[in-house]
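Right, one structure below, let's go through it.
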Amino acid sequence: MEGYNVSSTDFTFLGLFNTEETSGLVFATISVIFLTALVANGIMIFLIHTDPHLHTPMYFLLSHLSFIDMMYISTIVPKMLIDYLLGQRTISFVGCTAQHFLYLTLVGAEFFLLGLMAYDRYVAICNPLRYPVLMSRRICWIIIAGSWFGGSLDGFLLTPITMSFPFCSSREINHFFCEAPAVLKLACADTALYETVMYVCCVLMLLIPFSVVIASYARILATVYHMSSVEGRKKAFATCSSHMTVVTLFYGAAIYTYMVPHSYHSPSQDKIFSVFYTILTPMLNPLIYSMRNKDVAGALRRALGRFKSSHPGSGDF
């Protein structure tokens, strides 16, 4: 072993930083992505809660998406970066259990929330006259509560079962965090029944919300196609395509990890696909959904204007 102690209940990550030649570059890249995700999502939350122009159902849901993304990426990346700096790769059984539970809860909540946000856009574009009723404040809170309930249910259901299996003596997780498929490979017991249960859960948590996203954007695109304004049509198509790109990236990588048979997997592929929906998506969401939006740009200009007016000498040297 390397120069650190490992107790019998510790797990060891093989991690992303496997080769000395690329480990420094990977560390720097992930650090930049992590900081960008925190800053971008933090700015979104601040602007949405302080600017009255953004007090609408769409931005209310976006603020919760940004909060989930900040929590989500923070359950995985800081541990990975600190371990690299300290030259260690271990995690305790309790730490692995906590990380597994938080990851499942947060990713589950995001799966549901993204699906319901697509429904919000469908109502706004295809049924604008009914939008105030169909997306009232009460409905928005029901959407948020439902998303958290679905995610936490997944965490409370699957985490105790995953961590209750007897684990083999090596206890080396060929991954960069305690993701269920990687942890289950260490189990010294038959996991076939549990994997079937997990597959059913994934159908409910992945395919159903993703189907809602696809159906909503299909109806949106059909409505946009019949718009009389060519400029409006181009803008709507550009917005929908960018949204669908990041959503497909998020759901597609998760579907590969949890629903494609293990015979088609390799550890390196699993790590790459996990990077897409655990590290990249929390950074892309605020950039794709919001930072390109003129309402958000206007809110940012107003916030900067208020800051400059309250600190008149801040620009002087």
Side-chain angles (χ1 to χ4, degrees), residues 36-74 102 105-153 205 208-210 212-217 219-220 223-224 235-236 239-240 242-247 250-251 281-304 306:
T36 303
L38 290 185
V39 171
N41 284 293
I43 290 173
M44 280 306 309
I45 293 172
F46 172 77
L47 292 177
I48 290 170
H49 284 275
T50 58
D51 196 299
H53 295 84
L54 300 183
H55 291 175
T56 64
M58 180 183 76
Y59 292 111
F60 176 75
L61 297 179
L62 277 172
S63 69
H64 284 270
L65 179 67
S66 290
F67 175 73
I68 290 174
D69 281 336
M70 290 179 72
M71 296 289 292
Y72 181 26
I73 197 171
S74 296
L102 290 172
T105 298
L106 292 165
V107 76
E110 184 152 336
F111 286 146
F112 288 118
L113 184 57
L114 283 173
L116 293 167
M117 285 172 62
Y119 168 76
D120 166 74
R121 292 296 82 208
Y122 157 72
V123 174
I125 294 173
C126 301
N127 292 286
L129 297 179
R130 300 185 63 196
Y131 186 76
V133 176
L134 295 177
M135 291 302 299
S136 64
R137 189 75 170 178
R138 177 174 172 272
I139 297 297
C140 288
W141 277 112
I142 290 174
I143 287 174
I144 297 300
S147 298
W148 280 107
F149 175 78
S152 60
L153 184 65
M205 298 193 63
I208 292 178
F210 191 47
V212 172
V213 171
I214 296 296
S216 297
Y217 277 106
R219 294 294 300 274
I220 289 171
T223 301
V224 168
K235 182 179 177 182
T239 301
C240 288
S242 61
H243 288 188
M244 280 303 301
T245 298
V246 70
V247 166
F250 183 62
Y251 283 105
T281 301
M283 178 191 72
L284 292 176
N285 275 339
L287 302 179
I288 296 295
Y289 274 95
S290 307
M291 292 303 184
R292 295 175 58 191
N293 189 299
K294 65 178 183 180
D295 294 332
V296 175
L300 183 59
R301 285 194 297 270
R302 287 189 290 273
L304 292 174
R306 289 194 299 270

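Note: hydrogens, waters and symmetry copies are ignored here, and every other heavy atom, side chains too, is used.
- Nearest heavy atom pair, residue Ser66 against residue Met44, reads OG-CB, 3.6 Å.
- For the side-chain contact (heavy atoms from CB on, under 4.5 Å) test, residues two or more places apart in sequence or in another chain that qualify with Phe149 are Leu153.
- Residue-environment remark: NE2 (His53) stays at or below the threshold of 12 foreign heavy atoms within 6.0 Å.
- Applying the side-chain hydrogen bond (donor to acceptor under 3.5 Å, both in side chains) test between Glu110 and each of Thr105, Thr281, Asn285 identifies Asn285 as the sole match.
- Note that CG of Leu54 is 10.5 Å distant from CG of Leu300, once rounded to the nearest 0.5 Å.
- Annotation: side chain of Ile143 is in contact with side chain of Met135 (closest heavy-atom distance under 4.5 Å).
- The CG atom of Leu106 sits 9.5 Å away from atom OG of Ser74, with the distance rounded to the nearest 0.5 Å.
- The side-chain contact (heavy atoms from CB on, under 4.5 Å) test applied to Arg301 returns Ala297, not counting sequence neighbours.
- Expressed to the nearest 0.5 Å, how far CG of Asp295 lies from CD1 of Ile48 amounts to 10.5 Å.
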Anything under 3.5 Å between a donor and an acceptor, one on a side chain of residues 112-124, the other on a protein residue two or more places apart or in another chain? List them.
residue: Asp120; atom: OD1; partner: Tyr131; partner atom: OH; Å: 2.6

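- One finds the CG atom of Asn41 at 5.0 Å from the CG atom of Asp69 (value rounded to the nearest 0.5 Å).
- Contacts classified as side chain to side chain donor-acceptor pair (under 3.5 Å) and involving residues 136-149 (residues at least two apart or in different chains) are not found.
- Screening residues 43-61 for salt bridge (Lys or Arg N to Asp or Glu O under 4.0 Å) gives Asp51-Arg302 as the qualifying pairs, with residues at least two apart or on separate chains.
- When side chains are defined from C-beta on, Tyr217 does not count as touching Val224, because their heavy atoms never get closer than 4.5 Å.
- The two residues Phe250 and Val107 come nearest to each other via the heavy atoms CZ-CG2, 3.9 Å.
- Ile214 pairs by the side-chain contact (heavy atoms from CB on, under 4.5 Å) definition with Phe210, Met244, not counting sequence neighbours.
- The shortest non-hydrogen separation linking Gly42 to Met70 is N-SD, 3.8 Å.
- For His64 and Phe60, the ring centers are positioned less than 6.0 Å apart.
- Of all heavy-atom pairs between Gly151 and Met205, the closest is CA-CE, 4.4 Å.
- Ile68 and Ala109 make their closest contact through CD1-CB, 3.9 Å (heavy atoms, listed as atom of the first residue, atom of the second, distance).
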